[in-house]
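Counting starts at 1 for both ligands and their atoms, following the listed order. In this text, all values refer to a predicted model and were calculated from it rather than measured experimentally. Residue indices begin at 1 and follow the sequence shown.
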Amino acid sequence: MSLNGKVALVTGGAQGIGRAVVQLLLQTSAKVAMVDLNKACGEECKAQLDVEFGEGNCTFISCDVSNGDALRDAFQRTVDKFGRLDIVINNAGINNEKNWEKTIQVNLTSVIKGTYLALEHMSKEYSKEGGTIINVSSMAAFLHSPHQPVYTATKHGVIGFTRAIADASSQGDYGVRINVLCPAFVDTPLLHSVEHEDNMGKFVKFKDDFRRSMTKFGVLQPSLIAEGMMRLIMDTTLNGAVMKITCSKGIHFHTYEPMSA
Ligand SMILES: NC(=O)c1ccc[n+]([C@@H]2O[C@H](COP(=O)([O-])OP(=O)(O)OC[C@H]3O[C@@H](n4cnc5c(N)ncnc54)[C@H](O)[C@@H]3O)[C@@H](O)[C@H]2O)c1
Ligand SMILES: CCCCC/C=C\C=C\[C@H](O)C/C=C\C/C=C\CCCC(=O)O
């Protein structure tokens, strides 16, 4: 399994799930642009990856994905540095019910923008060579988590958008496969956001419910989510697929009723 010669861009790549994905992409010989808001974490992460994989394979781009111009620039800088783009992981996300408009910007609007920018750099519509996009949703999209209404809405949105644009890609012969990944709880700093009023607003009083949910459903390791991503990257039959990863069932796919008149 090698991605030698391929170039990937991962948003939110400095920490948590994104970081595990960057690591696995480098292990598989891809070149990787790690795009993240957190400059200190991104630079520290790049320094460690340079030691492990050698300099020149990974670049860190400091960028707030909710700033459209900055995101466009991050894509361009990736192509300027590595010469092409083949894999885009729209992973950056936040859990903030207090500043819920920001949550919509980061979790949904930026995923849509990231997908359109990826298509500009990879789609045959733009005379490019094709590629693959993975958008990160959540099992919250299936459980409609009661104390995270806006987070849940954004993750529903990511699934709906991804399935629709995946169909547009196959009908329009873009040469780009677009899939969505929905993890259950994963052991990353995001999980601690449920403890903070700054993140949860009035829902913070339910933090014990969250803790009970985590005990009930279990908590996954980021490396398993990276393994799921790699399946979506490598399996060329998948387009518009909704991958779920849970403790009870591992890596599996959601199935939908076929459309009927
Ligand atoms: N951890 C979980 O339990 C879990 C479960 C399901 C889905 N997810 C989703 O997985 C994705 C990654 O989450 P995580 O758990 O690794 O979170 P995390 O908080 O550990 O890491 C997220 C990364 O995204 C970056 N980021 C946040 N806002 C950004 C912005 N505006 N611009 C650029 N970078 C930004 C952060 O700096 C951080 O490095 C998110 O979309 C999240 O909703 C997480
Ligand atoms: C109950 C919500 C807790 C919120 C924790 C903070 C942010 C993380 C959100 C993630 O996106 C995960 C959300 C929900 C998934 C949880 C469990 C599903 C397990 C289903 C199963 O095992 O069958």
Non-hydrogen atom of K155 closer than 4.0 Å to ligand 1: yes
Heavy-atom proximity to atom 9 (C) of ligand 2, best of Y151, F206, F185: Y151
Other residues, nucleotides, ligands: >12 heavy atoms within 6.0 Å of E52 CD: yes
L143, portion touching ligand 2 at heavy-atom distance under 4.0 Å: side chain
Min heavy-atom dist C41 to ligand 1 below 4.0 Å: no
Test of proximity, V136 against ligand 1: N or O pairs below 3.5 Å: no
L119 side, atom CG; I133 side, atom CD1 - distance, nearest 0.5 Å: 4.5 Å
Proximal ligand 2 atoms for A184, defined as those under 4.0 Å from one of its heavy atoms: 15 (C), 17 (C), 18 (C), 19 (C)
Side chain, backbone, both or neither: S193 near ligand 1, heavy atoms under 4.0 Å: neither
N/O separation below 3.5 Å, S193 to ligand 2: no
Sub-4.0 Å heavy-atom approach of F142 to ligand 2: no
Full working for side chain to side chain contact (heavy atoms under 4.5 Å, CB included) between K6 and L25: CA-CA 10 Å; K6 302 288 184 193; L25 284 164; over 6 Å; no
Atom indices of ligand 1 within 4.0 angstrom of D64 heavy atoms, with elements: 30 (C), 31 (N), 32 (N)
Nearest candidate to atom 3 (C) of ligand 2, where distance is taken over non-hydrogen atoms, out of F210, F203, F217: F210
Close approach, P222 and ligand 1, non-hydrogen under 4.0 angstrom: no
Ligand 1 versus I94: contacting region, heavy-atom distance under 4.0 Å: side chain
Within-shell test, N91 vs ligand 1, heavy atom, strictly < 4.0 Å: yes
Test salt bridge (charged side-chain N to carboxylate O under 4.0 Å, His left out) applied to R231 and E227, step by step: CA-CA 6 Å; R231 257 174 79 174; E227 201 182 307; over 6 Å; no
Any donor-acceptor N or O pair under 3.5 Å, side chains S193, N95: yes
Within reach of ligand 2, part of H147 (heavy-atom separation under 4.0 Å): neither
Side chains of D167 and Q171, donor plus acceptor under 3.5 Å: no
Any side-chain donor near an acceptor of the partner, Q48 and E44, under 3.5 Å: yes
Distance-minimising heavy-atom pair for N90 and V111: ND2-O, 3.8 Å
Closest candidate by heavy atom, reference atom 14 (C) of ligand 2, pool C182, G250, A140: A140
Atom 37 (O) of ligand 1: nearest protein contact (heavy atom, Å): D36 OD1, 2.6 Å
N239 (side chain) donor-acceptor with A166 (main chain) under 3.5 angstrom: yes
Considering all heavy atoms, the nearest P222-G16 contact: CB-O, 4.1 Å
Residue, atom name and distance, where the atom is the protein heavy atom closest to atom 14 (P) of ligand 1: T188 OG1, 3.5 Å
Contact partition for V106 relative to ligand 1, non-hydrogen atoms under 4.0 Å: side chain
Side chain to side chain contact (heavy atoms under 4.5 Å, CB included) between T188 and I17, intermediate numbers included: CA-CA 7 Å; T188 73; I17 291 171; 4.1 Å; yes
Check: Y116 ring centroid to F161 ring centroid under 6.0 Å: yes
